[in-house]
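Structure first, commentary second.
Below, chains carry the letters A, B, ... as their sequence lines are ordered, and counting in each starts from 1.
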Number of protein chains: 2
Amino acid sequence: MNALLSHTEENYLKTLIKLVLENANSEAGTNELASHLAVKPATANDMLKKLKEKGLVSYEKYGKINLTNQGTKIALEIIRKHRIWETFLYEKLDFSWDEVHDVAEQLEHIKSDKLIDKLEKFLDYPEFDPHGDPIPNKEGKFKVQHKTTLAEIAVGKSCKMIAVKDNSNSFLQYVVKVGLGINNEIKVLSRQDYDAMMLIEVNGQQSSVSQKFAENIFVVFD
Amino acid sequence: MNALLSHTEENYLKTLIKLVLENANSEAGTNELASHLAVKPATANDMLKKLKEKGLVSYEKYGKINLTNQGTKIALEIIRKHRIWETFLYEKLDFSWDEVHDVAEQLEHIKSDKLIDKLEKFLDYPEFDPHGDPIPNKEGKFKVQHKTTLAEIAVGKSCKMIAVKDNSNSFLQYVVKVGLGINNEIKVLSRQDYDAMMLIEVNGQQSSVSQKFAENIFVVFD
DNA sequence: TTTATTTGTTAGATACCTCTAACTTTTATA
DNA sequence: TATAAAAGTTAGAGGTATCTAACAAATAAA
C-alpha cells in the first residue's frame with residue numbers, strides 16, 4: 001500500500017535518506033535538511049511533523065531525524081526511479097553525463113510501478129546509473145561497492161573511475177572537461193606535498209586536479 | 001519565453017484546446033470546462049481569471065472562452081508531449097493501447113524541451129500516436145486527416161481503422177475486446193434499421209457493435 | 001559555569017487550488 | 001413575454017507548502 005505522497009514529500013524523503021546514508025551517524029538535523037532542499041528551517045520543521053504523522057520519519061522535538069522502515073522503503077523507490085531514468089536518458093536519448101540529473105529530478109515523481117518496471121526491463125536491468133551509483137531493485141536491494149577516492153591513490157599507480165560523489169552540474173562539467181568518465185583509466189603521475197594537488201593522466205590527456213576534486217571521484221584499483 | 005505554468009494550469013489549457021477544437025464553434029463554456037476537469041464551475045472560473053491575467057485565454061464575464069495565440073501555442077506543446085509519450089510507452093515499453101493515456105497524463109508535464117525533442121528523434125519522428133491522433137511538431141503543425149466514422153460505412157463495404165474518438169479506458173478496453181486496433185481492416189456485414197446495431201468482421205472475428213461504439217471509431221475507405 | 005552561538009520551534013502571513021452556498025445573468029420554454 | 005431552467009459568478013473557507021520574525025533549547029566557547 002504505497003501512500004500517495006506529494007512531490008514535495010517525496011523530495012524530503014529522498015533528501016533524508018541521502019543525509020542519513022552519508023552522515024554515517026545515521027541521523028540528520030532540521031537545518032541540514034532545510035539547506036539541502038533550499039527551504040527555510042521553519043518549512044522543513046512543518047514538513048517533518050507531517051511526515052512523522054504519516055509514520056515515515058521518527059523524531060522528537062529538538063532531537064535528530066531518522067526514517068522509519070516505511071519511509072526508507074519509499075525513499076529507496078524514489079532513488080530507484082531517479083537512477084533508472086538517468087540511465088534511460090544517458091543510454092537511449094544521448095543526454096550527456098551532466099544533463100541527466102535535472103530532468104530525472106522531475107521524472108522520478110511519476111507514479112506508475114508498471115512504468116518503472118518496464119523501463120528497467122527495456123534497459124536490461126542496469127545495476128549502476130551513469131554516475132556509477134547503484135540502482136536499487138524492486139525490493140530496495142542494491143550492490144554496495146567498496147569505494148576508494150582518487151585522493152587515496154598513490155603516485156605511480158593506476159585505477160579505474162567507477163562513480164562520482166558530488167552530483168552537482170558544476171562538478172560534473174569539470175569532470176567532463178578533464179576528459180574523465182565512468183570506467184576510464186586514471187594514472188596518478190605526481191602529488192604536491194603542500195596542497196595535495198595531483199597531476200593525473202586520462203586517455204593521454206594530463207590534468208592538474210585539486211584534492212577536493214580527487215575526493216569526489218570514486219575509483220577501484222586495477 | 002515559455003511561461004512557467006503549474007500542472008493545473010497546463011491541464012486547463014489542454015482541456016480548453018480540446019473543447020475548442022471539438023466544438024467546431026470554437027468556443028467553450030465554464031461548466032463544460034469544469035466537468036471535463038472534474039472540478040466545480042467556481043473553481044474553473046477562478047482559474048480562467050488567472051489564465052486571462054496571464055494572457056493565455058480571452059473571455060469576458062458571462063461570455064464564451066477562447067484561447068489566445070499564446071495559449072494555443074502552449075496547449076499544442078502539451079498535446080505534443082502527451083502524444084509523443086504515448087507513442088514511446090506503446091512502441092518501446094510494450095504498454096497496451098488502453099494503458100498509455102493515464103501515464104502520459106503525468107509525463108506530459110515534464111519541463112524539458114530537450115527531452116521531448118530527443119524522445120521524438122528516438123521514436124523516429126512519429127506523426128500519429130497509438131490512438132491515431134496526429135502529433136504536432138515543434139511549430140505546432142500536424143497532419144489533419146479527413147475523418148469518417150465506422151457508423152457511416154455502408155453495409156458490404158470495408159474500411160481501415162485509423163483512430164479512436166473516445167480515449168476513455170472503458171471504451172478502449174471494449175475496442176481491444178472486439179479485436180480491433182489501428183490499421184485493422186473492418187468489414188461491415190449488416191446493420192439493423194431499428195437501432196443501427198452493426199455486425200462487423202475484424203480478422204475473421206465477427207462482433208455486434210452499437211451505433212455509439214461505431215461513432216467513436218475513425219476509419220478511411222480502402 | 002556563565003555566556004554566546006548554533007540549532008530548532010512556533011506563530012502569523014501569503015499564494016495556489018479547491019470547495020460550498022448564495023447570487024446574477026443568460027437562455028429556453030410555456 | 002413572463003417565468004423557469006441552465007449557466008456563470010462571487011464570497012468565504014480549508015488544505016498544502018512556503019515565508020519572516022520571534023522565541024526556546026542545546027551546544028560550544030570564554
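- Between A:Tyr12 and D:dT18, a side-chain N or O to OP1/OP2 separation shorter than 4.0 Å is present.
- In this structure a side-chain-to-backbone donor-acceptor pair under 3.5 Å is present from A:Lys111 to A:Leu5.
- At a threshold of 4.0 angstrom between heavy atoms, the contacts of B:Thr30 are confined to the sugar-phosphate backbone, with no base atom among them.
- Among C:dT7, C:dT18, D:dG8, the nucleotide with an atom closest to any side-chain atom of B:Lys64 is D:dG8.
- Judged by closest nucleotide on DNA chain D, A:Val39 is the one of A:Tyr62 and A:Val39 placed further toward the 5' end.
- Here the side chain of A:Arg83 pairs a donor or acceptor atom with the backbone of A:Pro134 at under 3.5 angstrom.
- Taking atom CG of residue B:Leu4 and atom C1' of nucleotide C:dC16, one finds them 15 Å apart after rounding to whole Å.
- The interatomic distance linking B:Asp46 (CG) with C:dC19 (C1') rounds to 10 Å, in whole Å.
- D:dT18 atom P lies 10 Å from atom CD of A:Glu9, rounded to whole Å.
- Rounded to whole Å, atom P of C:dT25 lies 7 Å from atom NZ of B:Lys61.
- Heavy atoms of A:Ala42 sit under 4.0 angstrom from at least one base atom.
- Here A:Thr8 lies in heavy-atom contact (under 4.0 Å) with sugar-phosphate atoms only.
- The cationic atom of B:Lys118 (NZ for Lys, CZ for Arg) lies less than 6.0 Å from the six-membered ring centre of A:Phe95 and within 45° of the ring axis.
- Atom CG in A:Leu48 sits 5.5 Å away from atom OG1 in A:Thr30 (nearest 0.5 Å).
- Here C:dC16 presents its C1' atom at 15 Å from NZ of B:Lys49, a figure rounded to the nearest Å.
- Checked by atom type and distance alone, the side chain of A:Lys54 never pairs as donor or acceptor with a backbone atom of A:Gly71 at under 3.5 Å.
- Applying the 4.0 Å criterion to OP1 and OP2 of D:dG8, one finds that B:Lys40 has every side-chain N and O outside that range.
- A sub-4.0 Å separation between OP1 or OP2 of C:dG8 and a side-chain N or O of A:Asn45 is absent.
- Look at CG on B:Leu48: it is 16 Å from P on D:dA7, rounded to the nearest Å.
- Regarding B:Met47, its CE atom lies at a distance of 17 Å from the C1' atom of D:dT10, rounded to whole Å.
- Protein atom CG of B:Leu5 is 12 Å distant from nucleotide atom P of C:dC16, rounded to whole Å.
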